[in-house]
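So the structure is just underneath, and the comments pick up after that.
Residue numbers start at 1 and run along the sequence shown. Every heavy atom of this structure was used, including side-chain atoms; hydrogens, water molecules and symmetry mates were not. Remember, it's 1-based here, ligands and their atoms both numbered in the order they're listed.
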Amino acid sequence: MSTSVPLVVRLLASSVSVAGRAGKIVRDVMSKGELGIVEKGKDDFQTEADRSAQRCIIASLTAQYPKINIIGEEDNPDNEGEVCNDWLTIDADKEILSLECPPFLQGVKEEDIVVWVDPLDGTSEYTQGALMLKRDPWERWKMYLTHPLISIKWYLSLLQSNYGFLEHVTVLIGISVNEKPVAGVIHQPYYKTLIGNEKMTGRTIWGLQEVGVGGFTPAPPPASLIITTTRSHSNPLVEKALQVMNAAQILRVGGAGYKVLQLLEGLASVYVFASPGCKKWDTCAPEAILNAAGGKLTDILGNNYKYGASVSRPNKTGVLAAVNADLHDYALNRIPQELKEKLANK
Ligand SMILES: Nc1ncnc2c1ncn2[C@@H]1O[C@H](COP(=O)(O)O)[C@@H](O)[C@H]1OP(=O)(O)O
Ligand SMILES: [Mg+2]
Ligand SMILES: [Mg+2]
Ligand SMILES: [Mg+2]
């Protein structure tokens, strides 16, 4: 790879390639059917796919950019261990390498960068998706009975949803410079499309500040107010913030990455999540891409999150994102002060 290409552009090109490799790992673990679910906390799970995809991403980026601080969601001792050659990805996406680097990022050094990695965003939806891959209803029922995550209500909604919610699963790599998200990648391993007669699985969306976004066709926001929010981590505060929006429709989907994709594709205009739960690796890449497309992501109080290495991981004061500043203002003004204070003092 040419070292004359500025570092941030090279890193984004490498991140696009490695996100695709991680997405294949996510699909492979699912196909094998041994998810290896570990409970990290309440409503908080990890699978073999989360662990392996993270090892692949961190080992591949560290091999090429040894001085960059890379922070991943999954805290497992294995991350330091051996990574099979098949996982090490040192390719770089050619289209990204040819992008013009914005002037303010041209002199950036490895030491100025923090990369936030969510190897699998939408773990709840991933584990529930496993169920729907069991074609035999008796096998599916047996798996449900031993599944730690699913209530009977969810099981019934899964049965109605054909393949479950695997499309909500994404791999997120966010690049921050001096605490600000400047570039990012959202890879969607289960996105399905037809190119000519050929069935393609997976797609990779990227964004770079002052340059723009790629990997998909952006669409204008819907004519009426459509809100996207959590389907697996709701609570009374989350619901209160939704009630006050006066929305025409509320979409309940998994993952921070997928919700921001819905904003970019014109399926929703605002993302509201008035609760702690998301962490820096959930929002860094989506925020960078949304910014590059002219949108805005803050907490519920309208404050920007910072992405330096020493910040606390949780996004305690929730997420408020919109396709443009006007819709962001609208949503921010609708949220009662009392609700904002409740979150701030949690
Ligand atoms: N209470 C929570 N506990 C753990 N992770 C959470 C929680 N709330 C949100 N998240 C993370 O933020 C993402 C977006 O939330 P939601 O899908 O509820 O809108 C989730 O997919 C999950 O990321 P991950 O799946 O990577 O652990
Ligand atoms: Mg998680
Ligand atoms: Mg996540
Ligand atoms: Mg995750």
Original post:
With respect to H187, which candidate in T170, T204, D121 satisfies the side chain to side chain donor-acceptor pair (under 3.5 Å) definition?
Top reply: T204
**OP:** Assess whether salt bridge (charged side-chain N to carboxylate O under 4.0 Å, His left out) is satisfied between K24 and D28, documenting all intermediate values.
**Re:** CA-CA 6 Å; K24 182 165 184 316; D28 289 348; 3.0 Å; yes
Subject >> Metal check, the Mg ion (ligand 4) vs P119 N/O/S, cut-off below 2.8 Å >> reply: no
Original post:
Considering only N, O or S atoms, which atom of D282 is nearest to the Mg ion (ligand 3)?
Top reply: OD1
**OP:** Please name the atom of D121, restricted to N, O or S, that is closest to the Mg ion (ligand 3).
**Re:** OD1
**OP:** Write the atom name of the N, O or S atom in D118 that is nearest the Mg ion (ligand 3).
**Re:** OD2
Original post:
For the Mg ion (ligand 2), which N, O or S atom of E73 is at the shortest distance?
Top reply: OE2
Original post:
Between N303 and T317, does a side-chain hydrogen bond (donor to acceptor under 3.5 Å, both in side chains) hold up when you go through it step by step?
Top reply: CA-CA 9 Å; N303 299 319; T317 37; over 6 Å; no
**OP:** Give the intermediate values and the outcome of side-chain hydrogen bond (donor to acceptor under 3.5 Å, both in side chains) for residues E287 and T283.
**Re:** CA-CA 6 Å; E287 182 176 343; T283 50; 5.0 Å; no
**OP:** Let me see the working for R21 and D86 under salt bridge (charged side-chain N to carboxylate O under 4.0 Å, His left out), right down to the final yes or no.
**Re:** CA-CA 9 Å; R21 182 69 190 90; D86 184 36; 3.0 Å; yes
